[in-house]
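Some notes on the structure that comes next.
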Amino acid sequence: MTKIKPFYDGLVLGGGIAGMQAALDLAGQGFEVLLVEKEPTIGGVMVGLNKVFPTLDCSSCICTPRMAEVAHHDRISVLCYTDLVRARRRNAGFEVILRKKPRYVVEEDCIGCSLCELACPYFAPHEFDQGLGARAAIYIPHGNAIPQVPVLDPDYCMLDGNCARACPKNCIDFAQQAEELSVGVGSIIVATGLRLTPMGAKKQYGGDRHANVMNPLAMERVQSSNGPYGHILRPSDGKIPRSVAYVQCAGSRDQSIGVPYCSRVCCMYALKQAIMIRHQRHDTQVTIYHMDIRAFGKGYEQFYRRAQSEGVRVVKAKVARITEVENGDLSLRVELIDEGGRVADIRHDLVVLSQGTIPGWRPEGALPLEVDDDGFFAIPDIAARPANSTAEGIFVAGVATGPKDIPDSIVEAGAAAMEAAMYLDRVRESAGEMA
Amino acid sequence: MSEPKRDWQKDLKVFRERMGGLSEEKKAWAREQRDTLKAIRQALAGGPATIPQIAERTGMPGKKVLWHVMAMKRYGKVAECGQAGDYYLYELKEGGS
Amino acid sequence: MNANGKLRMGVYWASSCGGCDISLLEIGDKILDLAQIADILFWPCVADFKYADVAGYLDGYLDLCFFNGGIRNSEQEQVVRLLRNKSRTLIAYGTCAADGGIPALANLYSSEEIFEASYHENPSIDNEAGVEPQPEVETAIGTLEIPRFYPAVLKLRDVVEVDYVIPGCPPQADDVWETIAALASGAVPVHAGDARIGCNNRSVCDECKREKREVKIKELHRHHEFRPEPGWCLLEQGLLCMGSATRGGCGALCPKVGMRCEGCYGPPPGATDQGASIMGALGALLDAGTEARAQEMVAEIADPTGTFYRFSLASSRLRVSSDRGGRR
Amino acid sequence: MDATELRVEPALDTQTAWEPRIVGFLCLWCSYTGADNAGTARMKYAPNVDIVKVMCSGRIDPDLILTAFAKGADGVMVLGCHVGDCHYISGNHKTMVRMPLLRRVLEDFGIEPERFRHEWVSAAEGEKFSRLVSEMTEQVRELGPLDWKARLKECTGENLGPWGGEHP
Amino acid sequence: MRYEAPEKLSEQRRNGDEPRVGVFVCHCGGNISDIVDVEKVVEQIRKRSGVACVTTHQFCCSDPGQAVIEQSIRERRLNRIVVAACSPSLHELTFRRAVARGGLNPYLFEHANIREHVSWVVDDRKEATAKAGRLIRAAVARAARLAPLEKRRIPIHPSVLVIGGGVAGLTAARDLANRGIRVRLIESTPFLGGRLAQLYKIYPTGQRARDVIGGLIREVSSNPLITVYTNAELVEARGFIGDFHTTIRLVPRGATERCTDAQAAINACPEETVDQFNLGLARRKAIYLPYKGCYPSIPAIDWRNCTRCGACLEAGGVGSIDLDEKPREIVIRSGAIVIAVGLNTYPPRYGEYGFGQFAEVITLAQMNRLLDPTGPTQGELVVNGRRIRRVGFMHCVGSLQHEGVHKPMRDGRINQYCSRVCCTTTMHTAVELKTRWPGVQVYDFHEDIRTYGRRHEGYYDKVCRQGVVFLRFDPLRPPRVGVDPKGEWPLVLRTVDRLTFGEELEVPLDLLVLATGLVARDMSKLVDLYRCSVGADRFLMEVHPKLRPVEMATFGLFLAGSVQGPMDIGESTAAAAAAASKAAALLKAGQIELDPFVAEVDTSKCSGCRICLQACPFAATDRDEAARTAKINQALCTGCGTCVASCPCNAIQQRGFRDDQVEAELLALLEAEEPVGV
């Protein structure tokens with residue numbers, strides 16, 4: 001971990017794939033960058049994915065080298081587990097107040113050996129595995145986390161000092177407290193990513209009540225070889241699912257829950273997860289109930305057809321409701337559109353809800369930025385300057401400007417870095433002229 | 001390094017005070033987890049079992065059993081050892097108690 | 001040298017087809033000159049020389065010995081050690097002496113398998129009693145010994161030091177004559193720097209005039225089912241030409257007439273294992289695209305080991321097959 | 001398979017206890033990282049595979065594998081990025097051709113197919129890596145020593161020439 | 001591969017480079033030493049020849065640990081360093097830096113991973129100790145043969161060539177110039193603006209396309225760092241990253257800057273031809289300006305239709321036109337190249353949904369020209385002299401094609417892919433239509449509606465509310481277009497609607513708009529010159545859609561916009577800015593620094609078999625025609641070593657992974673368990 005300097009050319013908010021790419025592209029052009037991430041590790045959503053569409057590359061194989069590149073870059077400083085308190089315009093740039101949350105571990109001394117984690121006897125729901133797996137009360141977020149430094153979760157810590165006793169470097173620091181930092185920055189790139197609509201958003205689907213109705217990010221973890229189960233199993237009883245359903249637009253294109261827009265990636269990840277299920281269990285049936293299959297990107301339609309040829313059933317239908325029947329199985333009331341709207345009750349033993357994508361963070365006054373009625377940051381000139389926010393000197397990339405797949409996020413991050421670089425040049429030029 | 005050596009025991013004491021000690025709720029949670037793990041270990045003492053089998057032996061819901069068994073598996077206390085129908089079998093690992 | 005100023009020369013034939021002996025005659029008219037510059041003191045193929053005659057010579061008495069064939073049995077080993085001692089210049093003559101040659105392909109089989117094939121299985125064998133040669137046989141006239149059969153064919157260099165190697169199946173007449181002539185005049189024969197006569201320091205591709213189009217191999221072919229386009233690299237056309245993994249010097253004789261190089265000059269300089277060389281290259285050349293197609297293409301190759309190591313098995317990394325099985 | 005099951009009881013006479021010697025050629029970007037991952041997750045597996053790291057599985061010359069066998073390895077593993085994941089676009093496409101070719105040659109030499117394993121291991125597949133290593137070790141253990149070095153000596157018998165059976 | 005190790009070593013010794021290896025074994029605070037018997041390992045390693053010292057440390061990676069390494073290098077005259085600790089992915093860089101601070105070349109360092117690969121995965125102390133010993137002795141053997149290496153530094157010529165003058169090319173050029181970088185932009189047609197200039201309004205902002213492109217052109221044309229060449233054809237290209245030389249041919253435009261009265265010259269021209277800018281919906285002269293406000297504002301002569309009659313010359317005034325100017329060739333040098341040549345719309349074949357057969361069947365792009373008040377009908381909805389009342393939109397014309405249902409393109413391939421922008425463009429156009437002419441009845445024939453992007457769904461919702469009728473067809477049984485048997489309407493469309501029990505419907509129309517897909521342009525020249533990779537969809541292929549989405553496999557070539565695949569305007573500008581960002585990073589650094597693990601050819605062993613030329617995924621292997629051997633372009637080599645394994649003569653070696661280095665490591669691993677020294 002590098003020492004934090006008093007001034008940076010660019011502040012990147014968010015250490016997901018878009019934020020990392022923006023930081024790399026800005027630092028690549030010679031600027032000093034501070035990357036701030038709220039979680040204890042960089043990597044964002046992508047590092048938790050199993051494979052990525054349409055190439056079925058392993059997600060962490062793509063994401064971890066990026067993370068290492070960011071961590072080792074001479075011109076990038078990384079601050080994990082840190083929130084933005086506020087940024088105020090100052091001179092041509094911004095004064096930024098950050099709040100570094102206590103890890104209770106001295107980052108500089110830790111050697112990432114996880115002896116503390118192994119010494120802790122308590123299990124808490126593991127965020128990285130979407131709660132389906134467990135972790136100790138002190139834990140390294142995951143095998144590919146950067147930094148490889150544990151974080152102590154006081155909510156689950158029983159304060160018995162097992163971890164400190166096990167640490168070979170005496171770096172458990174119970175005296176640590178949140179610390180406020182003030183940094184000057186020339187420009188800001190916001191790449192704060194996404195959240196999904198709550199599992200209970202659509203009452204009739206019972207995502208928050210039925211054990212075997214899963215969220216797609218949890219499914220990614222379940223499909224990963226280093227995931228909570230190591231196999232695809234259902235959460236209610238560890239059964240190998242024989243019939244899996246995907247309910248598309250379960251939180252998108254739906255005015256009733258305030259997400260009227262298309263979440264853009266759900267069709268593709270559903271197809272991808274379906275293929276992965278079929279690869280792991282040839283005899284498991286997978287059905288995708290959808291409104292339209294939006295396979296619009298490069299190679300996506302081909303991927304859609306591949307999924308069908310590999311036995312994934314794609315059915316144009318509306319799912320009215322999901323009810324739990326015996327043994328944790330689920331019954332879906334479905335209106336089959338291509339059969340003239342026939343209504344049927346269909347049983348599955350696992351259901352994945354393709355939830356809507358909503359903004360990962362709202363500025364709430366921390367940044368002088370406007371948001372659109374869709375909740376994402378407003379972009380005044382989305383066609384010609386897609387990375388420029390409503391505030392001068394602040395740029396936006398990735399899902400912060402609307403749902404997006406990984407390639408589009410990465411490309412937009414490059415654009416945001418370019419805009420920030422041009423802005424910094426402009427500011428310097430005028431400062432030079434004034435002097 | 002000129003910094004004085006960290007005294008974690010002292011720090012922990014202060015930390016404990018700052019956290020207001022252990023709440024009853026938290027103590028109960030820890031107790032329940034201990035009991036759950038103990039029950040699962042007992043259920044597995046007789047040999048490998050599936051999640052529904054453990055659930056039946058312990059009288060706990062499958063979801064809870066699965067979660068704890070997977071926790072034990074992650075930290076090397078339980079291992080997978082074959083399959084029975086649509087379920088995997090789990091067994092206690094030596095030295096994993 | 002003899003008092004008459006002639007080279008004292010020996011020729012011997014061990015584990016090989018004998019073609020090398022004949023190839024000495026390919027020098028043509030020069031055979032008459034040979035008589036002018038050399039006295040042949042030992043050449044069992046041509047006249048009835050006895051080992052005892054040779055054993056009687058002082059060490060280093062022979063100026064030159066052309067030894068062709070590898071070492072497969074105890075007699076051959078004794079003779080090569082004898083000739084080594086008696087020869088000032090011992091030349092591993094021909095591919096079998098140099099790298100084991102075709103007889104060394106038997107190294108892929110155990111002795112038992114070889115005997116089984118040679119004395120029982122082959123359809124042309126008439127051996128109802130199932131007799132196999134024994135090293136020692138008691139007869140009325142006493143114990144008869146025949147040479148002991150070795151578990152593998154060895155190249156000459158595994159047994160004795162050699163002064164020069166002339167590879168080729170068979171070697172080229174010019175090289176033979178130039179070597180004899182040079183030694184007769186007291187000069188060192190022209191070699192490639194590593195005592196290899198008739199070789200250059202590159203692969204056959206260097207001498208091959210066929211055009212490379214830098215296209216990948218879409219499909220593999222065998223000679224009898226495919227007529228290659230003239231003037232275009234045979235390998236790129238899908239014939240498993242060994243030229244790129246074979247020591248040059250022959251002038252790319254085979255590719256010149258539309259036949260794939262079979263690799264008789266052994267591995268190129270810098271390489272030890274001819275098979276590894278061509279396998280490395282094929283990795284870059286086969287246009288498989290998918291894993292399934294790669295496996296399909298590999299499966300299409302008839303006898304890869306025999307193709308890649310046709311002449312150099314005895315000098316490959318592994319050299320002999322395991323007695324646990326090997327090829328059936 | 002669990003690694004602990006594979007470990008034989010330590011023999012009383014450690015001098016004579018044979019342990020499989022296996023060389024693993026791993027590409028840096030996926031498979032080596034996968035092996036690291038197994039370590040980070042503290043997955044126990046057989047200690048018999050020693051890793052030689054290369055930048056890309058496309059660098060793994062068949063000659064290296066033959067050398068490993070000739071010089072005493074009982075088994076060889078070649079692990080690279082999955083097809084499509086190659087850090088160098090298509091380096092592993094060459095591996096994908098070379099390894100099946102080599103496998104056929106090794107079989108002709110009488111080296112059991114179980115002694116040579118070619119697999120794709122991604123950076124996240126620490127579990128797969130540890131499983132493969134343990135499986136491979138067990139397979140080779142069942143076959144016993146290959147000991148090609150001794151085999152070469154045996155076949156060349158007393159005939160060892162000036163180079164003692166080694167290559168000049 | 002000859003076993004060269006002994007010679008190499010003796011050679012090293014002769015050169016006075018006798019290895020003195022310093023080995024540092026890390027305890028990692030028990031993480032290693034609790035399992036591995038470090039002392040025993042030290043004893044074993046100490047005995048090995050070439051090892052000058054073996055030191056242990058609690059934490060080698062800590063500041064004091066690194067200081068010990070630095071100090072030992074100086075005090076014990078070490079010239080090779082081995083650290084046995086955690087994974088190199090964590091600390092290889094740390095130790096290389098420490099080695100450099102100690103005064104040694106950082107590549108004389110070898111890392112043995114005895115934590116992740118030993119102590120964390122082996123339970124048994126004896127086994128772990130043995131394995132750690134093997135790994136360390138292998139590292140020592142390898143280290144003894146290491147040679148100093150330097151990072152490669154390749155200078156970059158300080159300018160960028162942008163190919164293509166559409167929205168992506170202009171954006172990239174503008175962005176680069178804004179960062180102070182010299183840009184040359186070449187455009188193959190006489191005017192800038194590309195396809196965007198032909199659009200009417202763009203989604204999701206509803207801006208006039210011409211305003212967007214006009215603003216961009218103004219920024220580009222007024223920036224002194226940008227030189228624009230129109231009517232420029234690619235002729236030849238040489239060079240590589242840092243120093244490309246591209247030859248272009250400049251075709252004269254006929255009119256000169258002294259042409260003050262362009263309109264007079266145009267009016268005087270007697271030759272008329274199809275107006276391609278208006279997609280064949282109008283006609284223009286052989287000397288022309290595509291639209292008012294185009295750039296350059298000087299007219300151009302369409303030489304194919306010009307008869308050189310001289311009428312324009314007389315009308316335009318002295319010096320205004322030059323009919324005799326010859327094309328000239330210039331060479332543009334650049335450090336990087338941005339490719340932004342865009343794409344085409346799918347050309348429907350004759351009879352496809354009645355296209356060409358009926359004047360009332362037009363494409364979506366033509367519809368956009370009709371809606372434009374400056375277009376051929378001054379924005380009136382009149383086709384074939386008839387005011388339009390019933391319009392149908394047909395989706396996926398030329399996209400989402402199926403084998404056996406659709407006729408293949410000229411290269412024998414069908415277009416399986418989705419063209420991405422047509423659904424939203426259709427919805428956007430339908431909104432415009434229903435807003436301007438609420439009485440017009442609109443039908444929409446689709447398979448799926450893919451309004452995926454931000455605010456796209458809004459158009460879909462809006463047209464639904466505006467009463468557009470949606471009919472869903474089966475892609476395997478596409479609708480058919482014919483003449484209305486009743487003669488009431490010019491066209492009738494018959495389709496099976498899957499939304500209403502699959503009944504066959506007849507929809508009479510007086511205009512059918514084909515939402516034609518997007519296809520790659522013919523880029524054969526470009527592909528040939530720069531050795532670009534092309535996908536099955538005929539678009540240029542990026543190195544990796546996620547790792548390097550705007551870069552080509554050949555270093556220094558960047559992709560901007562829809563040359564890569566269908567994109568809308570916002571996506572194109574984002575991609576262009578991303579490409580500009582990559583190019584700017586390259587140019588600003590002035591040089592690139594690359595890992596030193598490159599391949600090199602020993603020309604004395606190379607036989608010129610060209611196998612390596614096919615092995616390299618990055619076209620770094622090339623041929624030296626004079627020497628008839630291979631050569632490796634250090635600027636392009638990525639150091640994978642694939643060519644090394646491919647060379648049958650072992651004439652190629654990879655620095656840092658030479659055969660003798662890898663083999664020494666291998667042999668040390670395979671040594672008998674109790675080593676007796678080398």
Side-chain angles (χ1 to χ4, degrees), chain A residues 17 25-26 28-30 52 55 57 62 65-66 68 72 111-113 115 148 168-169 253 260-262 264 292-302 305 316 337-338 340 374 376 381-387 401-403 406-408 410-415 417-419 421-422 425-426, chain E residues 28-31 59 61 86 89-90 93 171 175 178-180 202 204-205 207 212 215-216 400 416-418 420 448-458 461 498-502 537 539 544-547 549-550 564-565 569-571 573-575 577-582 584-585 588-589:
Chain A
I17 188 67
D25 280 355
L26 192 55
Q29 294 192 54
V52 290
T55 45
D57 291 350
I62 297 165
R66 270 292 112 98
H72 291 147
I111 52 167
C113 67
L115 290 177
Q148 275 282 309
K169 290 210 72 183
R253 301 176 68 185
Y261 52 84
C262 166
R264 194 159 162 164
D292 299 286
I293 287 291
R294 295 198 160 159
F296 58 86
K298 198 170 178 172
Y300 290 7
E301 176 70 19
Q302 293 89 323
R305 293 186 186 183
K316 195 172 172 89
I337 292 170
D338 278 343
D374 59 9
F376 294 96
D381 190 357
I382 201 162
R385 308 303 280 263
T401 66
I406 295 166
D408 288 347
I410 290 176
V411 165
E412 208 180 84
M418 194 66 204
E419 291 287 1
M422 289 192 283
D425 277 356
R426 223 162 41 233
Chain E
C28 199
N31 275 291
F59 299 104
C61 61
C86 53
S89 68
L90 298 172
L93 207 62
T171 302
D175 287 4
N178 275 348
R179 293 234 53 218
I202 57 168
T205 52
Q207 290 158 289
V212 175
L216 198 50
L400 301 193
Q416 273 202 357
Y417 59 86
C418 165
R420 188 162 173 140
D448 273 327
I449 300 288
R450 295 183 171 175
T451 44
Y452 63 90
R454 194 173 184 189
R455 298 198 214 142
H456 294 189
E457 194 79 14
D461 288 345
R498 298 169 78 177
L499 300 177
T500 51
F501 304 97
D537 54 8
F539 289 97
H544 190 285
K546 294 170 188 74
L547 285 170
V550 294
Q564 210 179 346
I569 308 303
E571 288 157 355
T573 51
S581 162
K582 293 280 176 210
K588 282 284 169 184

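Below, all heavy atoms of this structure are taken into account, side chains as well, without hydrogens, waters or symmetry copies. Residue numbers begin at 1 in each chain, while the letters A, B, ... track the order of the sequences.
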Problem - salt_bridge(A:Glu301, E:Arg420) N-O dist < 4.0 Å - result: no
Problem - Ionic contact status for E:Arg454 with A:Asp408, cut-off 4.0 Å - result: no
Handout entry: E:Arg179 (side chain) donor-acceptor with A:Asp425 (main chain) under 3.5 angstrom
Key = no
Practice task
Say whether, by atom type as modelled, one donor and one acceptor occur between the side chain of E:Ser581 and the main chain of A:Ala417 under 3.5 angstrom.
Solution key: no
Interchain contact, [X] with chain E, by part (heavy-atom threshold 4.5 Å):
X	value
A:Asp338	both
A:Arg305	side chain
A:Thr55	side chain

[X] versus chain A, the contacting section by heavy-atom distance below 4.5 Å:
X	value
E:His544	side chain
E:Ala589	neither
E:Pro549	side chain

Handout entry: Interface residue of largest heavy-atom contact number with chain A, from E:Ala585, E:Gly29, E:Gly30, E:Cys28, under 4.5 Å
Key = E:Ala585
Interatomic distance, [X] atom [atom1] to [Y] atom [atom2] [nearest 0.5 angstrom]:
X	Y	atom1	atom2	result
E:Asn178	A:Glu419	CG	CD	8.5 Å
A:His72	E:Leu93	NE2	CG	6.0 Å
A:Ile111	E:Leu90	CD1	CG	10.5 Å

Problem - Within 45° cone of E:Phe59 ring axis and under 6.0 Å: A:Lys169 NZ or CZ - result: yes
Handout entry: Verdict with reasoning, E:Arg450 to A:Asp292, per salt bridge (Lys or Arg N to Asp or Glu O under 4.0 Å)
Key = CA-CA 7 Å; E:Arg450 295 183 171 175; A:Asp292 299 286; over 6 Å; no
Exercise for the section: Evaluate the side-chain proximity of A:Arg294 to E:Ile449: yes if any heavy-atom separation is below 4.5 Å, no if none is. Expected result: yes
Practice task
Start with the C-alpha gap between A:Asp381 and E:Gln207, add the side-chain angles, then the distance that decides, and say whether side-chain contact (heavy atoms from CB on, under 4.5 Å) holds.
Solution key: CA-CA 9 Å; A:Asp381 190 357; E:Gln207 290 158 289; 3.5 Å; yes
